[in-house]
There are 2 protein chains.
Amino acid sequence: MARPRQNLLTRQRIIETAAAIVDAEGLEAVTVRRLGTELGVQGPSLYNHFATMAEILDEVADAVVARVDVSFFATHDWRSALGLWARSYHAALSAHPNIVPVLAQGPGRRPAALAMADAVYGGLIEAGWPPARATHIGALMRYLVTGSALGSFALGFAEDPQLYALYPHLRDAHLLAEHQHSVDEGAFTLGLDLLIAGLDRLYASLKGVRA
Amino acid sequence: MARPRQNLLTRQRIIETAAAIVDAEGLEAVTVRRLGTELGVQGPSLYNHFATMAEILDEVADAVVARVDVSFFATHDWRSALGLWARSYHAALSAHPNIVPVLAQGPGRRPAALAMADAVYGGLIEAGWPPARATHIGALMRYLVTGSALGSFALGFAEDPQLYALYPHLRDAHLLAEHQHSVDEGAFTLGLDLLIAGLDRLYASLKGVRA
DNA sequence: ACCTGAACACCGTTCAAGT
DNA sequence: ACCTGAACACCGTTCAAGT
């Protein structure tokens, strides 16, 4: 059989395959040899397309961030835009929790993460927030979204009821896993609503508006 | 030279040595062989004291959580207690940021993490919060603290000014690193203050108190 | 009971050789 | 230009052998 004129690999194919492994089995399951097997090549072939394994995972992470909708800042009041963006960000990360540790290190040089930071910061500045405060708000939102996506609170407790015998108030903690979605979503929604309401009041006081 | 009657290793010594490496060089620097070298034994000797490497890192993480002060719930109003605890939790994690990914997976079977969850949840229940809300508040606080400790927002941007040419509002992002402490602390403090003020209002409305 | 030395099945990455 | 095969310097973990 003749050598195909088209390359066996593209960056896109590699990233998609890596993303599928991350979602199904976690970050540690993505190895050079495993990727090679799934792509039908030998492991070292990947180095014709990427310099390091970390670069591949960075692109997987950025593809997730690229799906976050930042368009609201162009069309909505800053309060609505912040809430809609944060929900979109949260939804994108919750769909791919295994990649969150890579994302949580900051935008670095990832284009989608930088574009998102630019849109959010720009939106807040144009709404009249002082630069230092706009930075704080952007940081705070990242803390909440990555913190909530990084590890499910509900699933963070072991399933073993006996474990909690020593802790008087944790008697039913082993049941949290059954209510994972409502616990984790409820906590995120509570936090987001409280923060936006609080920022609204802070904004009003900054602008000299009396309640 | 005779064989010492005392063991060369103890769990305590291993954990302390691992913690020092984590702090100085990060999680990836902690290897069985490296620990062996620093402890004056061969790597496999560690398996007489721990079943896995993950178990060692779990204990390093729990030692950090053990330093969080949860006593406030016994002595203070829930609002003050929540704020003082969250600041103590944040300070403990900020002092050892490299171990945060281990912590962020939840308490699991770690005694200090379980004791902390018990104290916080118990304190909120005794203050009169409904159980579901108390769970949300505990989760929310973990999101904020681990999210902020996991990766510095300020240090998450590359130091290369040229990188930001494409992003109109990020022109000065490369300067964030110089103000790391005030950016990261400012964002955390803003978030904590807004959340506690918001929870105070929510509590008042739950208890039927009119503003 | 605890430590050693050798071994197993992995890693990421490099590089000369092939096409 | 891209892929292969062999190699290097690592991993965590197991286990028989020593004391």
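What you see below is based on every heavy atom in this structure, not just the backbone, and it leaves out hydrogens, waters and symmetry mates. Within every chain, numbering begins at 1; the chains are lettered A, B, ... in the order of the sequence lines, protein sequences first and strands thereafter.
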request  = Could you tell me the separation between the CD atom of B:Glu38 and the CD1 atom of B:Ile21, rounded to the nearest 0.5 Å?
outcome  = 4.0 Å

ask   = Does A:Arg171 CZ have over 12 foreign heavy atoms under 6.0 Å away?
value = no

request  = Classify every nucleotide of nucleotides 7-15 of chain C by which part a protein heavy atom approaches to under 4.0 Å, writing B for the base, S for the sugar-phosphate alone and - for neither, in 5'-to-3' order.
outcome  = B---BBBBB

query = Has A:Arg87 got its NZ or CZ under 6.0 Å from the middle of the six-membered ring of A:Phe188, at an angle within 45 degrees of the ring axis?
reply = no

task = To the nearest Å, give me how far apart CG (B:Leu9) and C1' (C:dT4) are.
result = 12 Å

Separation of atom CG in A:Leu8 from atom C1' in D:dA1, rounded to whole Å = 12 Å

ask   = Under a 3.5 Å cut-off for both distances, is C:dG5 Watson-Crick or wobble paired, and to whom?
value = D:dC15

ask   = Distance check: side-chain N/O of B:Ser45 vs OP1/OP2 of C:dT4, anything under 4.0 Å?
value = yes

query = From B:Asp184 CG over to B:Leu155 CG, what is the distance, rounded to the nearest 0.5 angstrom?
reply = 6.5 Å

key: A:Arg67 atom CZ: more than 12 heavy-atom contacts under 6.0 Å   = no

key: Protein-nucleotide distance (A:Asn48, atom CG; C:dT19, atom P), rounded to Å   = 17 Å

ask   = Looking only at side-chain N and O atoms, does B:His49 come under 4.0 Å of OP1 or OP2 in C:dC3?
value = yes

key: Lys NZ or Arg CZ of B:Arg142 over A:Phe153 ring: under 6.0 Å, within 45°   = no

inquiry  = Strictly by Watson-Crick or wobble contacts shorter than 3.5 Å, is anything paired with D:dC10, and which nucleotide is it?
reply    = none

remark   = Distance col, row B:Phe157:CZ vs B:Tyr167:OH, nearest 0.5 angstrom, shows 11.0 Å

Contact list for DNA chain D against residues 20-27 of chain B - heavy-atom distance below 4.0 Å = none

ask   = Between A:His169 and B:Tyr121, does the ring centre distance come in under 6.0 Å?
value = no

query = Does OP1 or OP2 of D:dG5 have a side-chain N or O of A:Gln42 closer than 4.0 Å?
reply = yes

key: Length of the line joining B:Arg13:CZ and C:dC3:C1', which is rounded to integer Å   = 13 Å

query = Any idea how A:Tyr203 and A:Trp129 line up, ring-wise: parallel (<30°), tilted (30 to 60°), or perpendicular (>60°)?
reply = tilted

